[in-house]
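Counting starts at 1 for both ligands and their atoms, in listed order. Starting from 1, each residue takes its place in the sequence as its number.
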Amino acid sequence: MSDKITTFKLKHLKEAGQKISVLTAYDHAFARLLDEAGIDILLVGDSLGMVALGHETTLPVTMEMMLHHTAAVARAARRALVVADMPFLSYQVSIEEAVRNAGRFLQEAGAKAVKLEGGQAIASTVRRLTELGIPVMGHLGFTPQSVHRIGGHRVQGRSEEAARRMIEDARALEAAGAFAIVLELVPKELSALITESVSVPTIGIGAGPACDGQVLVIYDILGLFERPLKHSKTYAPVGAMIREAARAFREEIASGAFPSDENSFSMEEETLLRLKDNRVQGSGDRV
Ligand code: KIV
């Protein structure tokens, strides 16, 4: 049997109690390394707009940006399932537009699935996409495309009413055919309840250990921003290493230590002599 991760396999992993690992990826080089490391899902998140493109929110991210980065990631993935985030306004206006845009991720960029933010409000869109063969991952809790309505990066579902609504949203996504549901910034007790209430895997980010899998932003686990995030963890201080490498490079350029003879190419001595002779003759002619 192929080792490739499919949406079908993910459900089996949940049933077998095996946890699912998900990292965001935005380019080919990172995607290749994460795939080789055995990460199950590479999520081309629209967090791209913030961490790779420097925007304040995910709202300025466009279809063209997402297609461009998804294609780079998909070309690297051998085993991992590549999921592309549908950007703001690419699926909310009408089901027809959602189908057309979601289809582009599979047809043009090589993604195997798309991710949409929202619950009952987008359930009919999720149903249509899955009916047409486009696998959908849901996203509940803190949904970054609604940051202005929510009023910041806040934990969601703390009140009984909000928690009940989120459980209903998760059930609606499952009934509509979603193959997995991201839970972002959700109290760990509520994530546990949702994880028990649905048969599809839940993937947490700031949602505690009970979820069937976990997702983090790759630049955060590498400490590229060195920002304190309660829900994340720095697995390797690569940010500090990059700054140190750049500083060492700058110093070696300034001192002339790089490039050395070892890093340089040479040519036949006779060719060089002829070139030098010509140059002397040439300059003589000009004089
Ligand atoms: O855009 C993103 O990276 C995400 C994950 C953090 C879940 O949606």
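- For Y219 and Y26, the gap between ring centers is short of 6.0 Å.
- What sits closest to atom 2 (C) of ligand 1 on the protein, heavy atoms only, is S47 OG, 3.3 Å.
- Annotation for R164: atom CZ does not count as buried by contact number, only 12 or fewer foreign heavy atoms lying within 6.0 Å.
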Exercise for the section: With side chain to side chain donor-acceptor pair (under 3.5 Å) as the test, would you mind laying out the steps for Q92 and Q145 before giving the verdict? Expected result: CA-CA 11 Å; Q92 295 95 335; Q145 293 173 12; 3.3 Å; yes

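- The proximity of L43 to ligand 1, defined as any non-hydrogen pair under 4.0 Å, is limited to the side chain.
- For ligand 1, the atoms closer than 4.0 angstrom to any heavy atom of G45 are 1 (O), 2 (C), 3 (O).
- Contacts of L216 with ligand 1, taken as heavy-atom pairs under 4.0 Å, are absent altogether.
- Between atom 6 (C) of ligand 1 and the options I205, L185, V215, the minimum heavy-atom separation is to I205.
- Residues I134 and V99 share a closest heavy-atom pair of CD1-O, 4.2 Å.
- Scanning all heavy atoms of the two residues, the minimum distance from A72 to H28 falls at O-ND1, 3.0 Å.
- Using a cut-off of 4.0 Å between Lys/Arg side-chain N and Asp/Glu carboxylate O, K11 and E15 are scored as not salt-bridged.
- Which parts of ligand 1 touch D85 is read off a 4.0 Å heavy-atom cut-off, strictly below it: atoms 1 (O), 2 (C), 8 (O).
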Exercise for the section: Decide side chain to side chain donor-acceptor pair (under 3.5 Å) for E97 and S90; before the verdict, give the C-alpha distance in whole Å, the side-chain angles of both, and the deciding distance to 0.1 Å. Expected result: CA-CA 7 Å; E97 264 190 62; S90 68; over 6 Å; no

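- Heavy-atom separations between E117 and ligand 1 are all 4.0 Å or longer.
- When non-hydrogen atoms are compared, ligand 1 lies under 4.0 Å from the side chain of T24 (C-beta onward) but not from its backbone.
- The protein atom (non-hydrogen) at minimum distance from atom 8 (O) of ligand 1 is K115 NZ, 3.0 Å.
- Note: an N/O pair closer than 3.5 Å links D46 and ligand 1 by distance alone.
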